[in-house]
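Taking it in order: structure first as structure tokens, then the write-up.
All residue numbers refer to positions in the sequence shown, counting from 1. If you're wondering where the values come from, they're calculated on a predicted model, not measured in any experiment.
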Amino acid sequence: MSQKFIINGGRPIEGAIKVKGAKNAALKVFPLALMTSEPIGISNMPEIEDCYRAEEMLVALGHEVSRSGKGVVEISYKSRTCVNLPPGLVNKFRASIMFVGPLLATCGEVCFPHPGGCVIGAGTRPIDMFLDGFVKMGAKVEVLENSYRLSAKKLKGATIFFPKITVTGTESLMTTACLAEGITILKNCAMEPEIPALAEFLNTMGAKIAGAGTPVIKIEGVKKLRGGNYMLIPDRIETGTFAILAAVANSGEVLIENCNPGHLEALWALFDKIGVNYKLGQNSVKISPTKKILPSNVVTHEYPGFATDLQSPYTVLMTQAHGLSLIHETIHDRRLLFTDMLTQMGANIIMADPHRVVVSGPSKLYARKLISPDLRAGIALVIAALIAEGSTEIDNIYQIERGYEDLVERLTGLGADIKKV
Ligand code: EPU
């Protein structure tokens, strides 16, 4: 039987909450262990399901993963046991594709099924830009019945243009190119903060990457990479999610600590527009109650634009704004479907098309029995439940715990009435 959250809404939300290390940075660092025979240490690691799956993947491939404390992971090489990524793990998280390039670069071949993760794309989320990139670098790609087989005697540097901006695609090809022969130039790259952070760590391992965090990245291949220690950057999506929760609850002062407010400029610009009171510190943000939340349209955009991963909490916020807002989701195809559950809770939302909804607020929300469809929709339902009247039950919380550590404890610390059963 799956676990559920039971949330009694309407409690004042106030106090302090600490942000954990970035999930989407953590998942990209584990596979680097495949590219060196020296140990890798990672700190500020979030204790979340997706990271446990990434650890299991390394163990399945012959590495040893140990912990010397909460959030501190050490990975060492024992022996390479196989070049097949275990389907049961690949199915569980999209970032499993990050293991493909390092195996291809070091073993000359890799087999894997189509990666899983949140069901937010049209059908399964495509991997064409990864495959095209590997082909440009000299790999042969075979599409088999239930898997892909990639092989290459030697990967070679190449110039690769991404027809669409892709975060993990940029990270995957940038990482793989470190062990390819010669120079790789990646164009139209994603610029999310996790990318320069990853490049910086790879450079400490001996890689030669320039331009990460800009649209053009140049990588000069090296023969070997060393180990090293990496401290993950704070999770900007957690930061934004908690800031939006504080704004929606609008019931007390909330201090969000251990974060990097500089990674969320698009959110602060929106807060200016809709009248949320916030104060940025160097590593913290304080949200204070406001008289009235105003509506504002939003269009999700690649970094530094408004993050798609914050669209669902923002949609909940707009159910409490005085007026109409248009939410336009441009990155993932199915990310607005969860708004149906907000409507069931009493929100006034009209879907114009699969990429656009119009929210008319403010609406009183009421408790319902809900099922979390994916990670970010799930956390939005948690936020909605925290301001709803009555006791909301949210099922399928594995999807939420994939990305948020100790949610019950941390939200309880802010005064929320939330239990896991
Ligand atoms: N795309 C293709 N072909 C590809 C790769 C991507 O068409 O080969 C499309 C996708 O379908 C999507 C668009 O390109 O429409 C952008 O997707 P991107 O590749 O940038 O997404 P991702 O790297 O798979 C990461 C985060 C997501 C976040 C997006 C956008 C990780 C593990 N995931 O996904 O985070 O929404 O970037 O910022 O880094 C989450 O944390 O809940 C989450 C889904």
Side-chain angles (χ1 to χ4, degrees), residues 21-22 24-32 34-36 40 42 95 97-102 104-106 127-139 152 154-237 260 262-266 301-309 331:
N24 288 344
L27 295 174
K28 319 300 169 57
V29 179
F30 283 102
L32 306 188
L34 300 174
M35 300 170 81
T36 172
I40 285 191
I42 315 170
I97 192 147
M98 283 296 296
F99 289 83
V100 169
L104 182 62
T106 52
I127 61 166
D128 54 312
M129 290 191 278
F130 295 77
L131 299 180
D132 291 348
F134 292 134
V135 168
K136 280 238 158 99
M137 292 169 85
K154 189 173 251 178
L155 289 175
K156 291 205 162 66
T159 295
I160 298 165
F161 179 87
F162 293 107
K164 193 170 176 182
I165 296 177
T166 162
V167 176
T168 309
T170 300
E171 293 165 323
S172 168
L173 296 186
M174 176 178 86
T175 300
T176 308
C178 291
L179 289 182
E181 192 180 82
I183 306 250
T184 296
I185 311 265
L186 303 177
K187 296 182 180 174
N188 198 26
C189 295
M191 300 192 285
E192 272 65 5
E194 293 75 23
I195 298 171
L198 179 67
E200 204 178 302
F201 180 48
L202 274 162
N203 283 345
T204 67
M205 293 172 71
K208 293 184 177 168
I209 303 172
T214 76
V216 179
I217 305 180
K218 180 178 173 192
I219 306 112
E220 195 181 325
V222 295
K223 290 230 152 52
K224 225 172 128 178
L225 291 173
R226 299 185 285 273
N229 291 304
Y230 179 62
M231 164 123 167
L232 292 171
I233 59 171
D235 196 308
R236 65 196 160 90
I237 304 303
N260 184 342
H263 290 165
L264 285 156
E265 286 182 293
H301 197 279
E302 293 86 1
Y303 190 85
F306 187 83
T308 168
D309 295 342
I331 308 287

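The two atoms that bring Ala207 and Cys178 nearest to each other are CB-SG, 3.6 Å, heavy atoms only. Nearest approach of Asn188 to Phe162, heavy atoms of both residues: ND2-O, 2.8 Å. Of all heavy-atom pairs between Pro102 and Met35, the closest is CB-CG, 3.5 Å. Nearest heavy atom pair, residue Thr204 against residue Phe201, reads OG1-O, 2.6 Å. Pairing each heavy atom of Ala152 with each of Gly138, the nearest pair is CB-O, 4.0 Å. Heavy-atom minimum distance, Gly157 versus Ala180: N-CB, 4.0 Å.
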Would Leu27 and Met98 count as a side chain to side chain contact (heavy atoms under 4.5 Å, CB included) if you check the C-alpha gap in whole Å, the side-chain angles of each, and the deciding distance to 0.1 Å? CA-CA 8 Å; Leu27 295 174; Met98 283 296 296; over 6 Å; no
For Tyr303 and His263: C-alpha separation, side-chain torsions, deciding distance, then whether side chain to side chain contact (heavy atoms under 4.5 Å, CB included) applies. CA-CA 9 Å; Tyr303 190 85; His263 290 165; 4.1 Å; yes
Are Phe134 and Leu104 close enough, and set up right, to give a side chain to side chain contact (heavy atoms under 4.5 Å, CB included), and what steps lead you there? CA-CA 9 Å; Phe134 292 134; Leu104 182 62; 4.0 Å; yes
Are Asp309 and Asn24 close enough, and set up right, to give a side chain to side chain contact (heavy atoms under 4.5 Å, CB included), and what steps lead you there? CA-CA 11 Å; Asp309 295 342; Asn24 288 344; 4.0 Å; yes
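Side-chain atoms of Asn260 never come within 3.5 Å of backbone atoms of Arg236 as a donor-acceptor pair (strictly under, hydrogens ignored). Listed for the Thr36 side chain is a donor-acceptor partner under 3.5 Å among the backbone atoms of Leu225.
Annotation: the span from Lys208 atom NZ to Ile219 atom CD1 amounts to 13.5 Å, rounded to 0.5 Å. The line from CD1 of Ile40 to CE of Met205 is 3.5 Å long, rounded to the nearest 0.5 Å. The line from NZ of Lys187 to CD1 of Ile217 is 13.0 Å long, rounded to the nearest 0.5 Å. Atom CZ in Phe161 sits 9.5 Å away from atom SG in Cys189 (nearest 0.5 Å). Taking CE of Met174 as the reference point, atom CD1 of Ile195 lies at 7.0 Å (rounded to 0.5 Å). Distance check, rounded to the nearest 0.5 Å: CD1 of Ile42 to CG of Leu32 gives 8.0 Å.
Residues satisfying the side-chain contact (heavy atoms from CB on, under 4.5 Å) criterion with Glu181, sequence neighbours excluded, are Lys154, Lys156. Applying the side-chain contact (heavy atoms from CB on, under 4.5 Å) rule to Glu265 yields no partners; only residues at least two apart in sequence or on another chain are considered.
Looking only at side-chain heavy atoms (C-beta outward), Leu173 and Lys136 stay at 4.5 Å or farther from each other. With contacts defined as side-chain heavy-atom distances shorter than 4.5 Å, the pair Val100/Ser172 does not qualify. The side-chain heavy atoms of Glu171 and Glu194, taken from C-beta on, include a pair separated by under 4.5 Å. Within the 4.5 Å cutoff, no side-chain heavy atoms of Leu155 are placed close to those of Leu179. Residues Pro31 and Thr175 form no side-chain contact, since every pair of their non-hydrogen atoms from C-beta on lies 4.5 Å or further apart.
Atom CD of Glu302 sits in a crowded spot, with more than 12 heavy atoms from other residues, nucleotides or ligands closer than 6.0 Å.
Remark: of the listed residues Ile160, Thr166, Ile165, Thr166 is the sole one forming a side-chain contact (heavy atoms from CB on, under 4.5 Å) with Met129.
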